[in-house]
Every structure is written in C-alpha cells, then in structure tokens.
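One structure is given below, encoded as structure tokens.
Computed from a predicted model, the values in this text were never measured in an experiment.
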Amino acid sequence: MPRPLRLLLLIGLPLVAAAALALGGVDAVASWQAKSGGGVAGVFTADRQECSRRTCNFHGPWQAADGSGSRPDVLLYDAPADLTVGRSIAAVDTGARKGVFTPDGGGSTFLITTVVTLIGLLAVIAWIVLVAYSALTARKRSTSR
C-alpha cells in the first residue's frame, strides 16, 4: 500500500470511527429500545415544525404519562405524516439525546443509527487491521536488513 494512502487511512479511519460512533452509537440503543416497544410512555405536543429540503421535523414538549418526568423541547423521531403543529400524540422516551419516539418505534431512525454505528465499528476494525499490518510490515523490513 502506498505510504500516503496508508497515512491517510491511519489518520482518517479513527476520525470516521469517532464521528460515526458519536453520531449513531449514542442513539442506536435508544432507537432500538423504541423499536422493541420500550421506554417511558408519555405525550408529545408539536409546538413547531422545521423543514429542510427533504424532511420536516416536529419539536415540542414531552410529558410522561405517569407525571414522573418531562422534557421541555425535544424532537419527535419518525413523526407520522399526518402530524400538525398543535396536535398531541403518544410518544415514548428511551433516553435519546435529542428526542422521543412514536410508541411503535416509528420508521427509519433505528436503521439509520444502526448503519452509522456499524460504519464506525467497521472503521475501528479496519484501523486495527491496518495498524497491525503496518507494524508487521515494518518489522519484516527491519529484520530483513
């Protein structure tokens, strides 16, 4: 492997791994818990809608059904298509950093967080293999001299 490419991978793979694990890994467990029906049941009220080119996200407060807790300004992951500002719907809190989920686990958030986490794990494995390969090659070069 050419030296510049090896150096790029030795530096780039840990950066990719760190970014992917920070973005996906933190919420992967929470999204899978929501997908499997876990979490604290409550009610989310859509206070505002923020739209980008492709998607719209709803933000608002969440209150536990038993009154045990609340989150003042969260995102509703995988919001239903018919949700409108001002409407309240059932939602579960599974500890995700920025939001809560619909009770059925919603749509694709669990897939996205899983894929991003897997990318991070694969980058870690690739980096370990590359470091081991580089060490073995350097060792072979030094012993053959």
Side-chain angles (χ1 to χ4, degrees), residues 1-140:
M1 179 183 307
R3 185 175 214 154
L5 178 60
R6 193 171 356 151
L7 285 174
L8 178 65
L9 290 174
L10 283 171
I11 295 168
L13 284 173
L15 293 176
V16 168
L21 292 173
L23 294 173
V26 174
D27 287 336
V29 173
S31 63
W32 274 96
Q33 186 179 3
K35 182 67 175 168
S36 64
V40 178
V43 176
F44 171 85
T45 302
D47 276 352
R48 70 184 191 285
Q49 182 180 20
E50 294 178 359
C51 295
S52 63
R53 286 188 224 180
R54 296 181 201 161
T55 60
C56 289
N57 292 313
F58 288 92
H59 297 264
W62 173 87
Q63 177 68 46
D66 63 4
S68 62
S70 65
R71 295 179 69 183
D73 185 26
V74 294
L75 167 70
L76 178 64
Y77 292 110
D78 303 316
D82 63 346
L83 185 62
T84 57
V85 172
R87 185 170 158 217
S88 295
I89 64 166
V92 294
D93 183 11
T94 58
R97 288 177 298 160
K98 295 182 181 179
V100 295
F101 297 86
T102 55
D104 63 355
S108 62
T109 299
F110 75 99
L111 286 174
I112 293 168
T113 58
T114 301
V115 168
V116 171
T117 302
L118 287 175
I119 289 169
L121 292 173
L122 289 173
V124 168
I125 292 167
W127 183 77
I128 291 169
V129 168
L130 182 62
V131 167
Y133 174 77
S134 296
L136 285 173
T137 337
R139 186 174 172 190
K140 282 181 184 179

Any pair counted as disulfide bond (SG atoms under 2.5 Å apart), so long as it reaches residues 2-32, sequence neighbours left out: none
Which atom pairs, donor and acceptor, lie under 3.5 Å between side-chain atoms of residues 115-130 and protein residues at least two apart or in another chain?
unit_1 : atom_1 : unit_2 : atom_2 : d
Thr117 : OG1    : Gly24  : O      : 3.3
Thr117 : OG1    : Gly25  : N      : 3.1
Thr117 : OG1    : Thr113 : O      : 2.7
Trp127 : NE1    : Leu10  : O      : 3.0

Nearest heavy-atom pair of [X] and [Y]: which atoms, and what distance?
| X | Y | result |
| --- | --- | --- |
| Ser88 | Val43 | CB-CG1, 3.7 Å |
| Gly99 | Ala96 | O-CB, 3.6 Å |
| Ala46 | Thr84 | CB-O, 3.6 Å |

Trace of the side chain to side chain contact (heavy atoms under 4.5 Å, CB included) decision for Val100 with Val92: CA-CA 6 Å; Val100 295; Val92 294; over 6 Å; no
Qualifying residue, where the test is ring pair (Phe, Tyr, Trp, His ring centres under 6.0 Å) with Phe101 and the options are Phe44, Trp32, Tyr77: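 Exactly one option meets the ring pair (Phe, Tyr, Trp, His ring centres under 6.0 Å) with Phe101, and it is Tyr77.
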Salt-bridge present (Arg87, Asp82; N to O < 4.0 Å): yes
For the [atom1] atom of [X] and the [atom2] atom of [Y], what is their distance to the nearest 0.5 Å?
| X | Y | atom1 | atom2 | answer |
| --- | --- | --- | --- | --- |
| Asp47 | Leu76 | CG | CG | 12.0 Å |
| Leu111 | Lys35 | CG | NZ | 7.5 Å |
| Arg97 | Leu23 | CZ | CG | 6.5 Å |
| Leu83 | Thr102 | CG | OG1 | 10.5 Å |

Intermediate values then yes/no, side chain to side chain contact (heavy atoms under 4.5 Å, CB included), Asp93 and Val74: CA-CA 10 Å; Asp93 183 11; Val74 294; over 6 Å; no
Donor-acceptor under 3.5 Å (Asp78 side chain, Ser108 main chain): yes
Please tabulate, for the side chains in residues 54-62, all donor-acceptor contacts under 3.5 angstrom to protein atoms that are two or more places apart in sequence or on a different chain.
unit_1 : atom_1 : unit_2 : atom_2 : d
Thr55  : OG1    : Ser52  : OG     : 3.4
His59  : NE2    : Glu50  : OE1    : 3.4
Trp62  : NE1    : Ala91  : O      : 3.2

